[in-house]
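Contents: one structure, followed by commentary.
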Amino acid sequence: MAEDRFLGIRITPLTRRRLLNFRANRRGWWSLWLFLGLFGFSMFAEFIANDKPLLVRYDGGWYLPVFASYPETTFGGEFATDADYRDPFVRKLIEGKGWMVWPLIPYSYQTINYDLPVPAPAPPSAANWLGTDDQGRDVAARLIYSFRISVLFGLTLTLFSSVVGVAAGAVQGFFGGLVDLWFQRFIEIWSGMPTLYLLIILSSIVTPNFWWLLALLLLFSWMSLVPVVRAEFLRARNFDYVRAARALGAGDITIMVKHMLPNAMVATLTFLPFILNGSITTLTALDVLGFGLPPGSPSLGELLAQGKNNLQAPWLGLTAFIVLAGMLSLLIFIGEAVRDAFDPRKR
């Protein structure tokens, strides 16, 4: 079979056709690049929005507060605690013998602006581009950090739930019979568990955090891919190439992973952007209800909740809604393009 190469990687004609089909969907193609650009931008949040300078030049020395903590005494201060670079006293000390380079937004996600001209939440201004929340924290800074943690949580949950779901569906479909029957009964019972009630109960016992939420949601999110993979394995387990591999002495694991799984992954990959979409929505919903990330963490759901509680500050709800709707729309468009790429009817 003729093969092409792209960046040193061998590409079969089938893969090339899928890539061309994906690119032919202009909306999905540009949505992918826009989403990757926004996600890449948010990955450098500490260099874009921070209450510490990127670079300090003081008395002939160079300092990087973003990477290391320096006591106030380093810059001629009186205290051995970490320097507060927003303090006018510390700024005057540094600027007397040097200079500082600040990030684009001189606030971190938890920095409180004590110099607001009006009570918090303050409207958008030159100092706070998207205003502040009801605690005086910069909305733009919290938005960048919230976008990053939402996408990272969604990607991590999608990855782990896909691995578990694909493995469970493969075992069901390959062995069939009683294994498939009992597994289906277990999934029917497990899917009926009240996830939200369990979160409420467990939140009263332990303090939720990123990994705790991930583990709890993973207990239920893995079932979304099981029916798809199970159907593909049930359909393919009696095909000639599977019988031939079994006749040649291949083991069950080898047949499942090497021969059947690549075919099942075609249908699985088309679902991944939508699963990522659902993972981000779940985290946002939990944060709105107060059962998500710890208080003070940057979160789109927490910003939506503040918009609901502060109707006199419409910039809070509108900002969170626009960002969340835009992010989820981009993922939907990418999912549609992936679906077209694997559609054999598309040429």
Side-chain angles (χ1 to χ4, degrees), residues 39 42 45 108-112 120-121 132-139 141-165 187-225 273-311 313-329 331-332:
F39 180 53
S42 68
S108 183
Y109 68 89
Q110 57 188 357
T111 306
I112 299 177
T132 68
D133 61 8
D134 56 8
Q135 298 183 36
R137 299 171 300 190
D138 186 75
V139 173
R142 291 185 65 82
L143 204 60
I144 297 173
Y145 285 89
S146 299
F147 186 92
R148 180 176 67 177
I149 197 170
S150 296
V151 176
L152 288 176
F153 183 89
L155 288 173
T156 307
L157 182 59
T158 301
L159 174 63
F160 286 124
S161 61
S162 299
V163 171
V164 177
I187 289 178
E188 291 171 1
I189 296 173
W190 194 248
S191 61
M193 297 287 286
T195 308
L196 180 59
Y197 291 155
L198 289 176
L199 281 170
I200 295 174
I201 294 171
L202 293 175
S203 296
S204 63
I205 301 175
V206 296
T207 302
N209 54 43
F210 183 94
W211 297 108
W212 183 89
L213 284 174
L214 183 69
L216 185 59
L217 293 177
L218 179 60
L219 293 176
F220 303 95
S221 62
W222 60 271
M223 292 178 286
S224 57
L225 280 177
F274 303 102
I275 296 176
L276 174 59
N277 206 329
S279 301
I280 295 175
T281 305
T282 301
L283 177 64
T284 303
L286 290 175
D287 287 331
V288 171
L289 296 174
F291 301 110
L293 296 172
S297 301
S299 166
L300 293 175
E302 191 261 351
L303 194 57
L304 283 174
Q306 288 210 25
K308 177 181 70 69
N309 297 328
N310 299 275
L311 298 179
W315 58 87
L316 295 176
L318 287 176
T319 300
F321 170 77
I322 291 173
V323 172
L324 188 61
M327 176 181 15
L328 298 181
S329 298
L331 291 174
I332 289 294

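Values below: every heavy atom of this structure, side chains too, minus hydrogens, waters and symmetry copies.
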Shortest non-hydrogen separation from Ala141 to Ser108 and the atoms involved | CB-O, 3.7 Å
Heavy-atom nearest pair, Leu283 first then Ile149, reads CD2-O, 4.5 Å
Can you give me every donor-acceptor pair (side chain of residues 151-161, partner residue at least two apart or in another chain, under 3.5 Å) with its distance?
residue : atom : partner : partner atom : Å
Thr156  : OG1  : Leu152  : O            : 2.7
Thr158  : OG1  : Gly154  : O            : 2.6
Ser161  : OG   : Leu157  : O            : 2.6
Ser161  : OG   : Thr158  : O            : 3.2

Within the side chain of Asn277, is there an N or O that forms a donor-acceptor pair under 3.5 Å with the backbone of Pro273?
-> no
Compare every heavy atom of Ser42 with every heavy atom of Arg148, then report the nearest pair and how far apart it is.
-> CD-O, 3.3 Å
Between the main-chain N or O of Phe147 and the side-chain N or O of Ser150, is there a donor-acceptor pair closer than 3.5 Å?
-> no
Any donor-acceptor N/O pair, Asn310 side chain to Ala313 backbone, under 3.5 Å | no
Leu225 vs Ile275, side chain to side chain contact (heavy atoms under 4.5 Å, CB included): CA-CA, chis, key distance, verdict | CA-CA 9 Å; Leu225 280 177; Ile275 296 176; 3.5 Å; yes
Using side-chain hydrogen bond (donor to acceptor under 3.5 Å, both in side chains) as the criterion, list what pairs up with Thr319, not counting sequence neighbours.
-> none
Output side-chain donor-acceptor pairs under 3.5 Å for residues 291-300, partner residues at least two apart or in another chain, one line each.
residue : atom : partner : partner atom : Å
Ser297  : OG   : Pro294  : O            : 2.9
Ser299  : OG   : Asp287  : OD2          : 2.5
Ser299  : OG   : Gly301  : N            : 3.2
Ser299  : OG   : Glu302  : N            : 3.3

Within a strict 4.5 Å, meaning less than it, do heavy atoms of the Leu331 and Phe274 side chains meet?
-> no
Where do Ala305 and Val288 come nearest, in terms of heavy atoms and distance?
-> CB-O, 4.1 Å
Euclidean distance, Trp212 CH2 relative to Leu214 CG, rounded to 0.5 Å = 11.5 Å
Shortest non-hydrogen contact from Asp133 to Arg142?
-> OD2-CD, 3.7 Å
Write down the atom of Arg137, the atom of Ile112, and the distance for their closest heavy-atom approach.
-> CG-CG1, 4.1 Å
